[in-house]
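Have a look at the structure below, then the notes.
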Amino acid sequence: MLYIGVDLGTSAVKLLLMDERGTIHRVVSKEYPLFFPQPGWSEQRPEDWYEQTMAGLKELLADCDRSKVEGISFGGQMHGLVILDKDDQVIRPAILWNDGRTGEETDYLNQVIGKEKLSEYTGNIAFAGFTAPKILWVKKHEPEHFAAISKIMLPKDYLAYRLSGVHCTDVSDASGMLLFDVKNRCWSKEMCEICGVREDQLAKVYESYEVVGTLLPQVAQELELPENVKVIAGAGDNAAAAVGTGTVGEGKCNISLGTSGTIFISSEHFCVDENNALHAFAHADGKWHLMGCMLSAASCNKWWMDDILGTSDYGAEQAAIRDLGENRVFFLPYLMGERSPHNNPNARGTFIGMTMDTARADMTQAVLEGVAFALRDSFEVAKSLGLRIEKTRICGGGAKSPLWRKIMANVLNIPVEQIESEEGPGLGGAILAAVGCGAFASVEEAAEKLVRPAGVEMPDASLAAKYEARYQQFRQIYPACRQLFDELVF
């Protein structure tokens, strides 16, 4: 049988066709625009997601036996606010995960409602990218839109609705809304009251591997698929990527170098760090996970290469880098503000340490190292909880760079494993579809049978020592700049 995984990203939707043995038959990608109406704002049109997904599905399924397609599931960008009216029409463009407009609302939730209460209600505190602050922003600044809300949805769940007609979400994605009681895996009545929304305005919550419905007849007809193709709830992109890298069960770790960057640690138990620096979310395997998320990771490198250097030859730029661990230039990768562990939408990207002999390659190296150092900030929080992370897997576009993998292994001083497929959320979505269709008894069983390692980057003791010294310098820069960031942001 065949299973489709849909990875709804920030720049494109990537669709993957997999069989029950884990063989990937085809991958298709379709881009759509991203809008920045004001500095720090980030929006997309949900209709674009659906149109490009349908176009991608048609291309994905060309020349295959469509009668063998049994299920479809998702991994999707988290936290985005999609609001529908009583006719299920999109009210306004989606406000995305990396949108920083909700500083006042985030402060209100953390300072007035209080971090302790938020953590009690949801297991998390408010971050500017989360969905609840966005709802409060719409309530204050666009009251006519707020009054018209019939359903509040997340990006991938809008796709699931358009395919199945069911208003649904899953536990992992719902965890990032700040409306969900993560420990008890249900909507928080207290948070609904705080945000002024009713529970019937929220979608029904499923486990990530559960079937929510089947394809609508008109969708099945357009795609030339059987109407009994199952639609499975899916997961937030990071939980889906974790499934796609086999990061399920107790104490497993995965790093994702995508548009955003994450360090993801799976657990069979619910736990919260005392400062809520890491997100405590439900996992797609039916358990939980801790996650540190930085808002700009591979997107920092893309910005540096495309917009500043004006080149598309990333490999040539990295080939000029010679002396790892000895760079005197540092880069703070906060181009869209920062989430974990600083929780500061006013943080900004910063180069520091340049001299007259600083070369182009030094700046490029600083970008790669800055992302690795920022991920280590969250890694240190996890270690402070007593978690022993002895190795990690890695996925995302940035993981394709051998140099970046080497930097990451030595900055964290642990082995970094690759897997055969680098498809992350798309593969995770396909695996969840297979589990939902009964091909495997559990997510753990599916991951064990379908996810295969393909190599490992081992840390070098002398290089890791150099990066240890550099990291200790790096971690002093943000505290020194924090007040200035707040004064510079208008």
Side-chain angles (χ1 to χ4, degrees), residues 1-7 16-25 27 68-76 156 160 168 170-173 175 185 205-214 228-256 264-270 281-291 389-395 417-456:
M1 302 304 291
L2 296 172
Y3 306 96
I4 298 171
V6 179
D7 173 12
L16 177 150
L17 188 65
M18 181 195 82
D19 65 28
E20 69 276 6
R21 296 180 300 276
T23 302
I24 297 172
H25 291 253
V27 177
K68 291 186 176 180
V69 176
E70 191 173 14
I72 181 171
S73 192
F74 314 88
K156 77 170 194 335
C168 59
D170 84 287
V171 293
S172 70
D173 217 356
S175 294
R185 301 169 102 84
V205 184
Y206 294 81
E207 292 293 335
S208 302
Y209 47 81
E210 288 186 321
V211 177
V212 304
T214 56
N228 63 353
V229 170
K230 295 180 175 63
V231 178
I232 289 83
D237 52 4
N238 294 295
V243 172
T245 60
T247 310
V248 295
E250 180 64 29
K252 300 287 183 63
C253 183
N254 178 60
I255 287 172
S256 175
F264 184 110
I265 304 159
S266 58
S267 175
E268 294 187 356
H269 308 283
F270 175 77
F281 288 171
H283 193 4
D285 64 357
K287 306 295 175 53
W288 290 270
H289 70 267
L290 288 171
M291 184 176 70
I389 306 170
E390 298 180 350
K391 63 180 180 179
T392 185
R393 286 182 170 171
I394 193 167
C395 67
E417 291 184 342
Q418 295 172 266
I419 58 171
E420 283 187 359
S421 169
E422 296 179 344
E423 298 303 332
L427 177 59
I431 291 173
L432 291 171
V435 175
C437 292
F440 301 94
S442 66
V443 176
E444 291 90 336
E445 179 192 335
E448 182 178 345
K449 291 183 177 179
L450 301 181
V451 181
R452 294 175 280 271
V456 61

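All residue numbers in this chain count up from 1 along the given sequence.
- W288 has its side chain out of reach of H269: every pair of non-hydrogen atoms, C-beta onward, lies at least 4.5 Å apart.
- The CG atom of L17 sits 10.0 Å away from the CD1 atom of I72 when rounded to the nearest 0.5 Å.
- The OG1 atom of T245 lies 10.5 Å from the CD1 atom of I394; values are rounded to the nearest 0.5 Å.
- Taken from CG in N254 to CD in E417, the straight-line distance is 10.5 Å, to the nearest 0.5 Å.
- A salt bridge is defined here as a Lys NZ or Arg NE, NH1 or NH2 lying under 4.0 Å from an Asp or Glu carboxylate O, and R185 with E207 meets this definition.
- D19 and R21 are joined by a salt bridge, as a carboxylate oxygen and a charged side-chain nitrogen come within less than 4.0 angstrom of each other.
- You'll find the side chain of T392 stays beyond 4.5 Å of the side chain of F264, heavy atoms only.
- Pairing each heavy atom of H283 with each of A242, the nearest pair is CE1-CB, 3.8 Å.
- Of the possible polar contacts, none joining the S208 side chain to the D170 backbone as a donor-acceptor pair under 3.5 Å is found.
- Side-chain contact between E444 and K287: present, with at least one pair of heavy atoms (C-beta onward) separated by less than 4.5 Å.
- Each of T247, V248, I431 was checked for a side-chain contact (heavy atoms from CB on, under 4.5 Å) with V451, and the lone residue meeting it is I431.
- Distance check: K449 NZ to F440 CZ gives 6.5 Å after rounding to the nearest 0.5 Å.
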